[in-house]
Amino acid sequence: MNGKWQRVSDRPWRSLAACMALFCVTVLAMADQPSLNEEISSEKYFNNKEYAKALPLLQDEAIKGLKPSIYRLAYMYQNGLGVGVNYKKAAFWFQQAASEYSYTLTMESETQKAKKSFFERLHDQMNPATNKEGAANILRTVDTNTSETAKLVDTSLYGDFFGLRPYETNYILPVGYSTHKYPRLSSSVHPNNYTPEYLEQYGYYGENIETEFQISLTKMLMYNILGWKEYWSFAYTQKVWWQCYSASAPFRETNYLPEIFIGVPLPQSINQEYGLKLAKLGILHESNGQDGYRSRSWNRVYLSGIWQWENVFLTTRVWYKMAEREKYDGYYEGEPNPATGEYEPNVSGDDNPDIEKYLGYGDVKLKYLYGKHEIGSLLRYNFGAGGKNRGAIDFHWSYPFLDSENTFWYVKVFSGYGESLIDYDRSVTKSLFGFSFSRELF
């Protein structure tokens, strides 16, 4: 038993090491042209005082709306650096940039950065300018040739609060109609052991209609500590399903998703040829905070790629479920523990060892911006895991509410497995309507 548990518990760490190795090899192998540090960069030329080379790059990035580049361009016009003095243009671009970006004039040169030790780079993370420049560098890879993508980048990068920015879509959907009522699961009694009386009184929640809302934020923790122009971030997402139209209005299910990840912008050669903007490696925990037979949780290591072609965004993600020891024989069928003869709903172990049979091993997100409209979908498929074909599709549409910049009409349709953790093994078809307060970028 101990030997078996040792082998099982080792698997997550081997998987984590393998994913990290694959991530590093992929990033470095793709950089078979100039390395990440040798990429043509307006920031590099400006900090090295090569103003003539920086000028055309800054002009292009200023048109895209990258505010650090706008401030640098205004400063060059004001002081005649690489271009003739032009106070009119300087005033125009300074108005666009705002004074909070004055830090861009004191950034160190690439040579100075290269001489810094790891611990000096670590100390630089305490400077807010580092994160601002990191966020700008990440989004510098995004094409903003259309007004729709330019607006999305502007709100994603500059609409922050205490360094927090929207991560996934934040929304509240007051009206969500499911084709079937949801079962009311007990923490202390397994569904196989429900009595007819229990089923009649407590078997299902009272209404097919409920409210759903999601809060999702991210904060950059570090930038360029490895010299790859990479960013390290923490994100937290919380999803809630609220039976507010039922008696006593209970919260039916809440899912908590903290994660930490590293994102690396890919070389310009890869970006321009394939549209692949970013590689991302992360660790994600998801649980519903319940106990006993209602408890659901899993931990994943994931690797994703973010692609863009004008107004079309594609995110592909694969994951590995970190292994846990299964509970005692018969637990998942509602039987007592053979060793004690007692029902033990809170015994430690994997709450849902078969979750990949329903949610598969990855997902794909597709989004299209058309004028003020955003149309998107999420697709999952298990490729026949467990002997049956299962999957899910999540489709959404949003449009500004009364021309607001941060409030949108939001319509969502879901069909398949994994709407929530408590229903991961139950197919749900549902339509929802309400409002969103952000639009997801990466």
Side-chain angles (χ1 to χ4, degrees), residues 1-9 11-12 178 180-207 210 212 237-243 246-258 283-300 319-360 382 385-388 390 417-428:
M1 181 68 175
N2 291 337
K4 177 182 177 182
W5 169 233
Q6 182 63 45
R7 290 194 300 272
V8 171
S9 62
R11 273 187 258 159
S178 174
H180 296 86
K181 292 183 178 180
Y182 291 91
R184 187 194 299 264
L185 300 183
S186 168
S187 295
S188 58
V189 181
H190 191 276
N192 288 350
N193 300 327
Y194 290 168
T195 64
E197 293 76 18
Y198 179 91
L199 286 173
E200 182 177 352
Q201 186 172 1
Y202 303 108
Y204 291 87
Y205 288 95
E207 302 294 339
E210 64 181 5
E212 178 181 329
T237 301
Q238 184 168 320
K239 303 178 182 180
V240 178
W241 291 264
W242 182 17
Q243 282 273 312
S246 298
S248 78
F251 285 98
R252 182 177 65 82
E253 172 78 343
T254 302
N255 291 170
Y256 310 91
L257 297 91
I283 301 176
L284 170 65
H285 169 80
E286 184 176 9
S287 63
N288 67 351
Q290 298 294 317
D291 61 2
Y293 294 114
R294 281 185 54 85
S295 178
R296 304 285 186 272
S297 67
W298 62 327
N299 299 301
R300 286 173 281 175
W319 61 63
Y320 174 83
K321 177 180 181 289
M322 299 178 72
E324 297 179 71
R325 182 179 60 179
E326 292 193 11
K327 302 187 180 186
Y328 63 77
D329 292 340
Y331 174 89
Y332 304 103
E333 292 75 35
E335 299 176 5
N337 189 337
T340 64
E342 301 289 335
Y343 291 99
E344 299 180 13
N346 290 308
V347 68
S348 63
D350 196 336
D351 293 321
N352 28 254
D354 61 345
I355 194 169
E356 289 171 306
K357 296 178 182 179
Y358 298 88
L359 272 63
N382 72 344
K388 290 186 178 181
R390 302 182 178 99
Y417 292 88
E419 183 207 16
S420 67
L421 274 182
I422 200 70
D423 299 305
Y424 79 88
D425 56 355
R426 178 176 176 268
S427 182
V428 173

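These figures come from a predicted structure and were not determined experimentally.
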For this session: For residues L359 and W319, report the shortest heavy-atom separation together with the two atoms involved.
Result: O-CZ2, 3.5 Å

For this session: Check each of T237, N299, L421, I355 against E286 using the side-chain contact (heavy atoms from CB on, under 4.5 Å) test, and report the only one that passes.
Result: L421

Exercise. Does the side chain of K357 come within less than 4.5 Å of R390's, by heavy atoms?
Worked result: yes

Exercise. For D354, does the CG atom sit with more than 12 other heavy atoms under 6.0 Å from it, leaving out its own atoms?
Worked result: yes

Seminar exercise, completed: Checking E419, E207, E253 against Y182 for side-chain hydrogen bond (donor to acceptor under 3.5 Å, both in side chains), the one that qualifies is E419

Exercise. Roughly how far apart are R184 CZ and Y205 OH, rounded to 0.5 Å?
Worked result: 5.5 Å

Exercise. Can you name the closest pair of heavy atoms from L185 and Y198 and give their distance?
Worked result: C-OH, 4.3 Å

Problem set entry | N/O donor-acceptor pair under 3.5 Å between N288 side chain and R294 backbone | yes

Problem set entry | ring pair (Phe, Tyr, Trp, His ring centres under 6.0 Å) partners of Y293, counting only residues at least two apart | H190, Y331

For this session: Determine yes or no for a side-chain-to-main-chain donor-acceptor pair under 3.5 angstrom, with D291 supplying the side chain and S187 the backbone.
Result: no

For this session: For side-chain contact (heavy atoms from CB on, under 4.5 Å), just list the numbers for R325 and S348, CA-CA rounded to whole Å, side-chain angles, deciding distance to a tenth of an Å, and then say yes or no.
Result: CA-CA 8 Å; R325 182 179 60 179; S348 63; 3.9 Å; yes

For this session: Supply the atom-to-atom distance W242 CH2 to E210 CD, rounded to the nearest 0.5 angstrom.
Result: 11.5 Å

Seminar exercise, completed: Closest heavy-atom pair, V189 versus Y194, reported as atoms and distance to 0.1 Å, is O-CE2, 3.4 Å

Exercise. Does the side chain of H180 come within less than 4.5 Å of Y204's, by heavy atoms?
Worked result: no

Problem set entry | Short side-chain to backbone donor-acceptor contact, Y256 and H285, under 3.5 Å | no

For this session: For salt bridge (charged side-chain N to carboxylate O under 4.0 Å, His left out), just list the numbers for D425 and R296, CA-CA rounded to whole Å, side-chain angles, deciding distance to a tenth of an Å, and then say yes or no.
Result: CA-CA 11 Å; D425 56 355; R296 304 285 186 272; 5.6 Å; no

Problem set entry | Taking every non-hydrogen atom, the tightest pair across L284 and P258 | CD1-O, 3.5 Å

Problem set entry | Atom CD of E200: over 12 foreign heavy atoms under 6.0 Å | no

Exercise. Can you tell me how far the OG1 atom of T254 sits from the CH2 atom of W241, to the nearest 0.5 Å?
Worked result: 8.0 Å

Exercise. Ignoring hydrogens and geometry, is there a side-chain-to-backbone donor-acceptor pair from N352 to W298 under 3.5 Å?
Worked result: no

Problem set entry | Smallest separation among heavy atoms of S297 and E324, with atom names | O-OE2, 4.3 Å

For this session: Taking the six-membered ring for Trp and the full ring for Phe, Tyr or His, determine whether the centres of Y358 and Y424 are under 6.0 Å apart.
Result: yes

Exercise. Is there a side-chain contact between R252 and S246, using heavy atoms and a 4.5 Å cut-off?
Worked result: no

Exercise. Within the distance-only criterion (no hydrogens, no angle test), does the side chain of N255 pair as donor or acceptor with the backbone N or O of S420 below 3.5 angstrom?
Worked result: no

For this session: Mind jotting down which residue pairs meet the salt bridge (charged side-chain N to carboxylate O under 4.0 Å, His left out) criterion with at least one end in residues 342-353? Sequence neighbours excluded, please.
Result: K321-D350, K327-D351

